[in-house]
Asker: 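Just passing along the structure, written as structure tokens.
As the structure lists them, so they are numbered: ligands from 1, and atoms in each ligand from 1.
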Amino acid sequence: MNRSICCIGAGYIGGPTMAVIADHNHDRKVIVVDINKERIAAWNSDKMPIFEPGLDEVVKRRRGKNLFFSTDIEGAIKECDIIFVGVNTPTKTFGRGSGCASDLQYWEATARNIVKVANGNKIVVEKSTLPVRTAEAMERILSQHSQFRFDVLSNPEFLAEGTAINDLEQPDRVLIGGHQTPEGLAAIQALSAVYGTWVPKERILTTNLWSSELSKLAANAFLAQRVSSINSLSALCEETGADVEEVARAVGMDRRVGPHFLKTGPGFGGSCFKKDILNLVYICESYGLTEVAEYWRQVVAINDYQQQRLVGGIIRTMFNTLANKKVAVFGFAFKANTSDTRESPAIAITKMLVEEHAQIVITDPKALVHVKEDLGPDADKVQTTADPYAAVQDADAIILLTDWAEYKTLDYKRIYASMRKPAFVFDGRNILDHAALRALGFEVKGMGK
Ligand code: UDX
Ligand code: ADP
């Protein structure tokens, strides 16, 4: 086995993961390849294709030394004995399982490419999130007409956007699944050695292939379920006079529950949660586990409900009409510290506001580039500005949807002066100082309060 590593797919997962691996393995050549020329050009430029705190430094430290970005996919497959596959696996939008199942066409194309050009035995590592037992299909494709052996491992990525570098540097665990055969165990060892240069041994967890594949879906389903649980209670809090933050604190102090992922908001977004839960639902259904499928489907249903509920509350509070009222949407990214807007609650919420004929101005420090594509035909009906002070000029309301820290420190006195009265603030993330805003004259509504 040689020590070179490549990753097919230079996306949110492949880029940062390989950069950190290269940073901790100077004696290994790490090549990240992609069919997308612009993406590779961006990785090779001063402006990274994704925004991630700390990423620039790591890439600049190792690029050209032992970290390379290239479009020569076949060359990389030939050169490296460990091949990570981090291509996209979006939810299918057509045919059987549309809206639920994973679209595995990019994965399969990659597997076929590996078989075609391989010049020796390879370890193929699933990095993309995949349905359980995908490895089985991959093994079948890889074992066709080849004199070489391909050992398939599952090594799901748990990094969260915005903290990707830190999550990679100090992972809660690195999960490696493989066959419990001598060859499978040797492959697991070879991959463990890559992470072992910086991850403590006890945090490298090895399992069988299917457990590893399912654990990734299960971890995201659990996290999303916590968000839906607290969001469902935020509705009840608003009816009963309980304060959802007090409830979350009280519940989270129980060590068996834990304090994380209990913040109410406009619903979860991001590329993983919805996709992975629907994928789980689809898998359960395909095994005839209808009740289990329904249980998890409800996590997504509550997420949609939370967004409708938020807009309903805004309409009610603003005297049952938004027509021609100017609303400033603070935040378009699905969470703070990322430019990513995939499945961002702001998309669905903005569309609902457009239906109400509100005049919408969206502001966001990083994510405005995606507004046009995300809103489609509705994009013509909204304005955008990076300057929150410009967004609130003559506005009737502010709707805060992303927990960007900068929104906490704006000059709200100045903002109040430039808005129409009564001036409303809907703090969809409960990050602002509501008492201070009320003292300035704002009418304030938080979530679950
Ligand atoms: C998530 C998982 O955390 C990661 O392990 C997995 O690999 C990919 O999916 P990410 O999508 O980057 O990562 O975002 P995350 O920080 O988990 O947040 C997901 C969504 O839940 C965001 O929209 C966030 O605002 C929301 N959220 C999170 C809440 O509404 N409340 C919370 O308490 C936590
Ligand atoms: P993730 O969030 O899982 O990293 P992204 O969509 O950010 O997903 O990145 C996946 C990358 O995989 C994209 O840059 C895409 O161009 C690349 N890709 C898709 N199919 C192939 C393929 N057959 N060969 C190489 N790269 C591919």
Asker: In ligand 1, which numbered atoms sit nearer than 4.0 Å to a non-hydrogen atom of F273?
Answerer: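 Near F273, the atoms of ligand 1 are 1 (C), 2 (C), 9 (O), 17 (O), 19 (C), 21 (O).
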Asker: Can S234 and Q306 be counted as having a side-chain donor-acceptor contact under 3.5 angstrom?
Answerer: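 Judged by distance alone, the side chains do pair up.
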Asker: Please write down residue, atom name and distance for the protein heavy atom closest to atom 7 (O) of ligand 1.
Answerer: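 For this ligand atom, the closest protein heavy atom is K216 NZ, 2.8 Å.
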Asker: Would E343 count as a contact residue for ligand 1, given that I'm defining contact as a non-hydrogen atom of the residue lying under 4.0 Å from a ligand atom?
Answerer: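 No heavy atom of E343 comes that close to ligand 1.
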Asker: Provide the number and element of each atom of ligand 2 under 4.0 Å from a heavy atom of N36.
Answerer: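 That gives atoms 16 (O) of ligand 2.
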Asker: What protein heavy atom sits nearest atom 27 (N) of ligand 1, and how far away is it?
Answerer: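 Atom 27 (N) of ligand 1 sits closest to the protein heavy atom V227 CG2, 3.9 Å.
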Asker: Any chance you could measure I314, atom CD1, to R309, atom CZ, to the nearest 0.5 Å?
Answerer: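 Atom-to-atom, I314:CD1 and R309:CZ are 11.0 Å apart.
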Asker: Below the 3.5 angstrom mark, is there an N/O of G265, backbone or side chain, next to an N/O of ligand 1?
Answerer: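 Such a contact does not occur with ligand 1.
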Asker: Judging by distance only, is a nitrogen or oxygen of E157 under 3.5 angstrom from one on ligand 1?
Answerer: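 Between E157 and ligand 1, an N or O pair is found under 3.5 Å apart.
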Asker: Does a side-chain heavy-atom distance below 4.5 Å link Q225 with W296?
Answerer: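 Q225 vs W296: side chains touch.
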Asker: Taking all atoms of both residues into account, what is the closest heavy-atom pair of G265 and N231, and its distance?
Answerer: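 Taking every non-hydrogen atom into account, N-OD1, 3.1 Å.
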Asker: Indicate yes or no: does E108 engage R112 in a salt bridge with an N to O separation below 4.0 Å.
Answerer: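 Salt bridge between E108 and R112, a charged N being under 4.0 Å from a carboxylate O: yes.
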Asker: Tell me: protein heavy atom nearest atom 6 (O) of ligand 2, and distance?
Answerer: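 The closest heavy atom on the protein side is N88 CB, 3.6 Å.
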Asker: Do the side-chain N and O atoms of D364 and W404 include a donor-acceptor pair separated by under 3.5 angstrom?
Answerer: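 There is such a pair between these side chains.
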Asker: Do K335 and E161 meet the salt-bridge criterion of a basic N to acidic O distance under 4.0 Å?
Answerer: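 Result for this pair is no, no salt bridge flagged.
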Asker: Go through the side-chain N and O atoms of E157 and Y12 and say whether any donor and acceptor fall under 3.5 Å apart.
Answerer: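 No, no side-chain donor-acceptor pair sits under 3.5 Å.
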Asker: Hey, looking at atom 14 (O) of ligand 1, which of E161, R429, K335 has the closest heavy atom?
Answerer: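 Comparing heavy atoms across E161, R429, K335, the nearest one to atom 14 (O) of ligand 1 lies in K335.
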Asker: Going by distance only, is there an N or O of Y12 that falls short of 3.5 Å from an N or O of ligand 2?
Answerer: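 The answer is yes, given that Y12 and ligand 2 share an N or O pair closer than 3.5 Å.
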Asker: Just checking E373: does its CD atom have more than 12 heavy atoms from other residues, nucleotides or ligands closer to it than 6.0 angstrom?
Answerer: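 Check fails, neighbour count at 12 or below.
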Asker: Of the backbone atoms (N, CA, C, O) and the side-chain heavy atoms from C-beta on, which set of I8 has a member under 4.0 Å from an atom of ligand 2: side chain, backbone, both, or neither?
Answerer: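 For I8, only side-chain atoms sit under 4.0 Å from ligand 2.
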Asker: Taking distance alone, with no angle check, do G270 and ligand 1 share an N/O pair under 3.5 Å?
Answerer: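 Between G270 and ligand 1, no N or O pair is found under 3.5 Å apart.
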Asker: Which part of A160 is near ligand 1, with near meaning a heavy atom under 4.0 Å away: side chain, backbone, both or neither?
Answerer: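 Looking at A160 and ligand 1, atoms from backbone and side chain both fall under 4.0 Å.
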Asker: Can you list the ligand 1 atoms lying under 4.0 Å from a non-hydrogen atom of L262?
Answerer: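 The list of qualifying atoms is 33 (O).
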Asker: With a 4.0 Å cut-off on heavy atoms, is S128 in contact with ligand 2?
Answerer: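 It does not, in that no heavy atom of S128 comes within the 4.0 Å cut-off of ligand 2.
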Asker: Check each atom of ligand 2 against the heavy atoms of T110 and keep those under 4.0 Å away; list them by number with element.
Answerer: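 Reading through ligand 2 atom by atom, the close ones are 22 (C), 23 (N).
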Asker: Between R249 and E246, does any NZ, NE, NH1 or NH2 come within less than 4.0 Å of an OD or OE carboxylate oxygen?
Answerer: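 So E246 does not pair with R249 through a salt bridge.
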Asker: Just which atoms of ligand 1 are under 4.0 Å from any heavy atom in C272?
Answerer: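 Selected atoms, number and element: 8 (C), 9 (O).
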Asker: Backbone, side chain, both or neither: what part of I73 comes under 4.0 angstrom of ligand 2, heavy atoms only?
Answerer: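 I73 to ligand 2: side-chain contact only, backbone stays beyond 4.0 Å.
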Asker: If we only count heavy atoms from C-beta on, is the K275 to R342 side-chain gap below 4.5 Å?
Answerer: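 No. Closest side-chain heavy atoms not under 4.5 Å.
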Asker: Which residue owns the protein heavy atom closest to atom 6 (C) of ligand 1, what's the atom, and how far is it?
Answerer: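 Atom 6 (C) of ligand 1 sits closest to the protein heavy atom N220 OD1, 3.4 Å.
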Asker: With a cut-off of 4.0 Å, which atoms of ligand 2 are near a heavy atom of G11?
Answerer: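 Listed by number with element: 4 (O), 5 (P), 7 (O), 9 (O).
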Asker: With rounding to the nearest 0.5 Å, note down the distance linking CD in Q308 to CG in N303.
Answerer: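 Q308 atom CD to N303 atom CG measures 10.5 Å (nearest 0.5 Å).
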Asker: Going by distance only, is there an N or O of F268 that falls short of 3.5 Å from an N or O of ligand 1?
Answerer: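 No, no N or O pair falls under 3.5 Å.
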Asker: To the nearest 0.1 Å, how far is atom 31 (N) of ligand 1 from its closest protein heavy atom, and which atom is that?
Answerer: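 The closest heavy atom on the protein side is K263 O, 2.8 Å.
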Asker: Could you tell me if D433 and Y412 have a donor-acceptor pair between their side chains, going purely by distance under 3.5 Å?
Answerer: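 Their side chains do not contain a donor-acceptor pair, so the 3.5 Å distance test is not met.
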Asker: When you measure from atom 5 (P) of ligand 2 to every protein heavy atom, which one gives the shortest distance, and what is it?
Answerer: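 Atom 5 (P) of ligand 2 sits closest to the protein heavy atom R39 NH1, 3.8 Å.
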Asker: Can you tell which of I13, V33, D34, T89 gets a heavy atom nearest to atom 14 (O) of ligand 2?
Answerer: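 Shortest heavy-atom distance from atom 14 (O) of ligand 2: D34.
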Asker: Taking the basic N atoms (NZ, or NE/NH1/NH2) and the acidic carboxylate oxygens, is any pair closer than 4.0 Å for K216 and E126?
Answerer: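 Result for this pair is no, no salt bridge flagged.
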Asker: Would you say the side chains of T163 and N166 form a donor-acceptor pair under 3.5 Å?
Answerer: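 The answer is no; no qualifying pair exists.
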Asker: Among F158, F261, Y12, which one has a heavy atom closest to atom 17 (O) of ligand 1?
Answerer: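 The option holding the nearest heavy atom is F261.
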Asker: Is the closest N or O pair between L159 and ligand 1 shorter than 3.5 Å?
Answerer: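 Yes: some nitrogen or oxygen of L159 is under 3.5 Å from one in ligand 1.
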